[in-house]
Visitor: 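Quick one: this structure, given as structure tokens, is what I'll be asking you about.
When reading the values below, keep in mind they use all heavy atoms of this one structure, side chains included, and skip hydrogens, waters and symmetry mates. In this chain, residues are counted from 1 in sequence order.
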Amino acid sequence: MSIEEMPEVPVLMVGNFLGESKPASLKEYLEPLVNELNELMETGIVIANKLITVRVWAFIADSPARAFIKGVAYFNHKNGCQKCTVEGKFNKTARVMCFPNIDAPPRTHENFRNCNYGEHHRETTPLIKLLHFDIIKNVIIADLLHLIDFGVTRTSINGWKSGKLGSGPKWSKETIDRINNILDKVEIPLEFHRKLRSIEDTGFWKASEFNMFLNYASFIVLKEVLTKEQYEHFMLYFSAIRLFPSDSYKEHWPAAHIMLKQFVVQYGTIYGEHRITSNVHNLLHVFEDVNKFGPLPKFSSYRYEAKLQDVGKTLRNGHKVLVQTANRISEQIPTRSSSSENSPFPYIESKSNGVVAHVNSIITLYPSKQSNWFLTHDDYIVQYTSAKMEGSVMYISGKAFSEIDESTTYHSSRWMIDMFEANMCHLSTNEM
């Protein structure tokens, strides 16, 4: 679990389940949690003599887990969409369930509670008793990890590469070598701890690698290998997904929603109706979640998956795993919150190769080839060189381009916001 108002607080584990399979009883699994949460929401919790109101902000899980905790049909069922009443069609040739309808009425909490959705319901979930909780709106489907990076992006890349998505051939060795040469030249920010691996190895890529590819390489690489129709179609997806991760682009989120609707419709036209699977269909509902909960990274499951991996790494063997997990968690000392008045930002850190500028919890500038570029509010692209502190104020120095152009070499669209092209010969030799 995490605290919505305090995103800097590490993920907290409040429960752990051990078994050879998922819990047999949904009631046994969730009812204690629901009862305890309801008690907290009714009475609040006192911390440092202050009464804190408790509310459940959202449940975040992958598609099978969402269906399990809600007691509903899984994603491959004709009534498997958890946000709308679309009825899927089974394609006998491809042997997949597809969802070509884009305008089905939304599901509602009231109708769900009254079990008005027929085959959508498998069993009654204790979550329906959770106070101040809308079981449709507060269970998120637009998860950056599972829906976007390890969902649509991964499926698309692997489909194009194998020749199974579209009418094009399997990518040749020459095509793969050409792509890898481009990937080698892409500078990845230091937040990512590894460079992109070979495009041949996408079967082993982690979700974060698909995220890197989408944001930093896809629009360059795919221009070389897709047809014009496929590339223009993909750029609808690329442009929309780039707008959803930041509040800075909030005014453009409705436009991003329209682009994703267009992407889903054209997906069926270009690749076949049977390709509009659950993941592709769920792109229609991204805007709903973003509009309610904020930018995509705010409710991503990345941090929760990382917590599970960290806990797993602490286990010494396979004996009494549940006890080991409880002991390891109890040994961890919670990190002190760095929010509000206790925040150390901004601050600088001296390194052997220069000064690292910690602007805030999100932005850090390094004196290296990676993570040393930033865009100012007045659209200057600046290469960071150094920083200094005067009191609590940080002064940043850098070299700016004298000429920049909106990026049109690879794709021309007014939704390619904050994407620019520049020639290194136009980089000033003087610091600003």
Visitor: State, yes or no, whether a side-chain contact exists between Asp143 and Ser300 at a heavy-atom distance under 4.5 Å.
Guide: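 In short, these two side chains touch, coming nearer than 4.5 Å.
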Visitor: Is the shortest distance from a Lys or Arg side-chain nitrogen in Glu4 or Arg55 to a carboxylate oxygen in the other one below 4.0 Å?
Guide: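 Result for this pair is no, no salt bridge flagged.
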Visitor: Contact between Lys89 and Pro100 at the side-chain level, heavy atoms closer than 4.5 Å - yes or no?
Guide: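 Sidechains of Pro100 and Lys89: in contact.
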Visitor: Please tabulate, for side-chain N and O atoms in residues 286-294, each donor-acceptor pair with protein atoms closer than 3.5 Å (sequence neighbours left out).
Guide:
unit_1: Glu288; atom_1: OE2; unit_2: His285; atom_2: ND1; d: 2.6
unit_1: Asp289; atom_1: OD1; unit_2: Lys83; atom_2: NZ; d: 3.2
unit_1: Asp289; atom_1: OD2; unit_2: Ile141; atom_2: N; d: 2.9
unit_1: Asp289; atom_1: OD2; unit_2: Ala142; atom_2: N; d: 3.0

Visitor: Distance-only criterion, 3.5 Å: show the donor-acceptor pairs between side-chain atoms of residues 159-167 and protein atoms not counting sequence neighbours.
Guide:
unit_1: Trp160; atom_1: NE1; unit_2: Tyr271; atom_2: OH; d: 3.1
unit_1: Lys161; atom_1: NZ; unit_2: Ile199; atom_2: O; d: 3.2
unit_1: Lys161; atom_1: NZ; unit_2: Glu200; atom_2: O; d: 3.4
unit_1: Lys161; atom_1: NZ; unit_2: Thr202; atom_2: OG1; d: 2.5
unit_1: Ser162; atom_1: OG; unit_2: Asn158; atom_2: O; d: 3.0
unit_1: Ser162; atom_1: OG; unit_2: Gly159; atom_2: O; d: 3.2
unit_1: Ser162; atom_1: OG; unit_2: Lys164; atom_2: N; d: 3.3

Visitor: Just by distance, no angles: are the side chains of Ser301 and His146 close enough, under 3.5 Å, to form a donor-acceptor pair?
Guide: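 Yes, side-chain donor-acceptor contact under 3.5 Å.
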Visitor: Would you call Asp177 and Lys173 a salt bridge, using N to O less than 4.0 angstrom?
Guide: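 Salt bridge: yes.
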Visitor: Find out whether Pro295 and Phe244 are in side-chain contact, i.e. whether some heavy atom of one side chain is under 4.5 Å from a heavy atom of the other.
Guide: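 Pro295 vs Phe244: side chains apart.
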Visitor: Between Arg107 and Tyr117, is NZ or CZ placed under 6.0 angstrom from the six-membered ring centre and within 45° of the ring axis?
Guide: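 Yes.
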Visitor: Is there a donor-acceptor contact under 3.5 Å linking the side chains of Ser172 and Thr175?
Guide: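 Note: Ser172 and Thr175 side chains meet the donor-acceptor criterion.
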Visitor: Between Tyr216 and Pro189, which heavy-atom pair has the shortest distance, and what is it?
Guide: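 Heavy atoms of Tyr216 and Pro189 come nearest at OH-CG, 3.4 Å.
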Visitor: Identify whether the distance between the nearest side-chain nitrogen and carboxylate oxygen of Arg113 and Glu110 falls below 4.0 Å.
Guide: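 A salt bridge is present here (some side-chain N lies under 4.0 Å from a carboxylate O).
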Visitor: Could you give me the CA-CA distance, side-chain angles and deciding distance for Leu365 and Ile396, then say whether side chain to side chain contact (heavy atoms under 4.5 Å, CB included) is met?
Guide: CA-CA 10 Å; Leu365 298 170; Ile396 298 174; 4.0 Å; yes
Visitor: Could you note down all residue pairs passing salt bridge (charged side-chain N to carboxylate O under 4.0 Å, His left out) where residues 20-43 supplies at least one of them, sequence neighbours left out?
Guide: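 Output for this query lists Glu31-Lys129.
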Visitor: Which atoms form the tightest heavy-atom contact between Asn91 and His274, and what is the distance?
Guide: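 Looks like ND2-CB, 3.4 Å.
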